[in-house]
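Have a look at the structure below, then the notes.
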Amino acid sequence: MKKTILTIIQVAVTLGILGWLFRDPERNREMLNAVTQADTGWILAALFIFVIVELLAVWRWQVLLKVQGIVIGWWRLTALMTIGLFFNVFLPGGTGGDVVKIFYLLKETPGKKAAAMLAVVMDRIVGLLGLIVMAAAFIALRYGWLTQTRATSGLLYLLIFLFGGAIGFVTVSWVVTRYNLIHLLPQRLPLRDKIVELSVAYTHYGRAWRSTLGALIISLPVHLFSSLQFYFAALAFEAAAKKVTMLDFLTIMPIINTLAAMPVSIGGVGVREGMFISLLGDLCGVDKATAVVISLTGYLVIVFWGLVGGILYLFYRPSTHASLGEMEHTVAKLEHQIADAEEPPRAER
């Protein structure tokens with residue numbers, strides 16, 4: 001019921017924002033005119049850049065899997081990554097892709113399911129930390145530029161608040177690990193299994209800190225190239241190409257990508273376009289029509305590769321297909337098993 005309500009809200013928000021964005025016939029004509037005059041060379045470059053992003057993410061994942069003694073070829077991991085992208089793009093909630101990747105990775109590693117799960121957990125952590133490091137560097141460099149207006153300042157402070165919450169959650173799980181406090185966590189504590197899961201991952205990957213640091217370093221170009229994908233999309237439109245710089249996009253994209261990933265709308269559609277209007281309009285002087293077209297073009301690059309992932313999913317073998325509900329149940333069950341395995345016997349408490 002909760003998922004159904006969330007989906008209904010996301011659909012309503014998405015349609016509402018899109019209706020607001022496309023309410024002006026004159027702006028719609030301007031957007032259509034911009035699209036017809038777009039430089040397809042830069043759009044193709046954006047498509048290619050996204051391939052680099054995915055391959056770097058696969059490399060990072062492969063490094064973390066090897067720590068657990070799991071060796072899977074590039075093709076299989078790339079297929080899993082792209083299939084996960086398909087579910088992220090086309091399913092409400094934003095977590096479907098992760099669940100699908102974990103489910104099929106477990107099928108690839110039947111004897112090391114817990115180890116495979118921990119590799120995915122650490123992949124999330126180093127990806128988040130890489131994003132925070134990149135965002136912090138550019139925010140420090142261009143704080144004055146980002147806070148020129150109330151709207152852009154609000155977006156920046158919301159990002160800082162979310163990053164603060166993420167760092168706090170990671171810190172709590174690290175303290176639980178450092179001082180062996182798992183047994184003190186109440187059984188009904190929200191996100192208890194997640195905290196225990198993180199603590200177990202720290203224990204495993206702390207011993208292999210060189211590989212973990214290497215994965216973190218790989219995360220930096222992942223996020224950099226992800227920003228360049230939208231920059232190349234902007235260069236396709238003459239009205240923006242003369243007003244924006246690469247540094248502008250490296251600064252604003254961590255804000256946009258993070259906030260668009262919140263489960264407010266489907267795939268961040270509408271929310272992303274609103275932020276492009278605010279950030280590119282207020283900070284770079286890009287008109288609203290062009291800002292929306294840039295956002296949609298960059299997002300359609302992701303959708304294109306997501307569709308490729310959908311095709312791969314249809315032919316993915318040897319794993320048999322399952323419903324998303326079954327996948328979620330399998331992943332949740334394994335998370336609980338990992339948490340129970342770390343729980344000391346009652347006689348020892």
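Residue pairs satisfying the salt bridge (Lys or Arg N to Asp or Glu O under 4.0 Å) criterion with at least one member in residues 265-287, sequence neighbours excluded, are absent. Listed by first and then second residue, the ring-ring contact (aromatic ring centres under 6.0 Å, His included) pairs involving residues 106-131 amount to none (not counting sequence neighbours). A salt bridge (Lys or Arg N to Asp or Glu O under 4.0 Å) check over residues 216-241, counting only residues at least two apart or in different chains, returns the pairs E238-K242. Within the structure, salt bridge (Lys or Arg N to Asp or Glu O under 4.0 Å) pairs that include any residue of residues 141-164 comprise R142-D248 (at least two apart or interchain). Applying the side chain to side chain donor-acceptor pair (under 3.5 Å) test to pairs two or more places apart or on separate chains, none has a residue in residues 127-139. Here salt bridge (Lys or Arg N to Asp or Glu O under 4.0 Å) pairs that include residues 200-218, with residues two or more places apart or in two chains, number zero.
Applying the under-4.5 Å side-chain rule to Ile, Leu, Val, Met, Phe, Trp and Tyr, the cluster around V133 extends to L220.
Here F86 pairs with F90 under the ring pair (Phe, Tyr, Trp, His ring centres under 6.0 Å) rule; sequence neighbours left out. Evaluation of the salt bridge (Lys or Arg N to Asp or Glu O under 4.0 Å) rule for D123 yields R60 as partners, not counting sequence neighbours. Shown here are the ring pair (Phe, Tyr, Trp, His ring centres under 6.0 Å) partners of F237, two or more places apart in sequence or in another chain: there are none.
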One pair to check against salt bridge (charged side-chain N to carboxylate O under 4.0 Å, His left out): R29 and E26. What are the steps and the verdict?
CA-CA 5 Å; R29 284 191 290 272; E26 179 61 29; 2.7 Å; yes
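Using a 4.5 Å heavy-atom cutoff, the side chains of I252 and L146 are in contact. T109 is not listed as a side-chain neighbour of L65, based on a closest heavy-atom distance of 4.5 Å or more. Looking at Q148 and W145, their side chains come closer than 4.5 Å, going by heavy atoms from C-beta outward.
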Let me have the donor-acceptor pairs involving side chains of residues 37-59, under 3.5 Å, with sequence neighbours excluded, atom names and distances please.
from	atom 1	to	atom 2	distance (Å)
Q37	NE2	N33	OD1	3.0
D39	OD1	G41	N	2.9

Return all side-chain donor-acceptor pairs below 3.5 angstrom for residues 256-264, not counting sequence neighbours, or 'none' if the list is empty.
from	atom 1	to	atom 2	distance (Å)
N257	ND2	M253	O	3.4
T258	OG1	P254	O	2.7

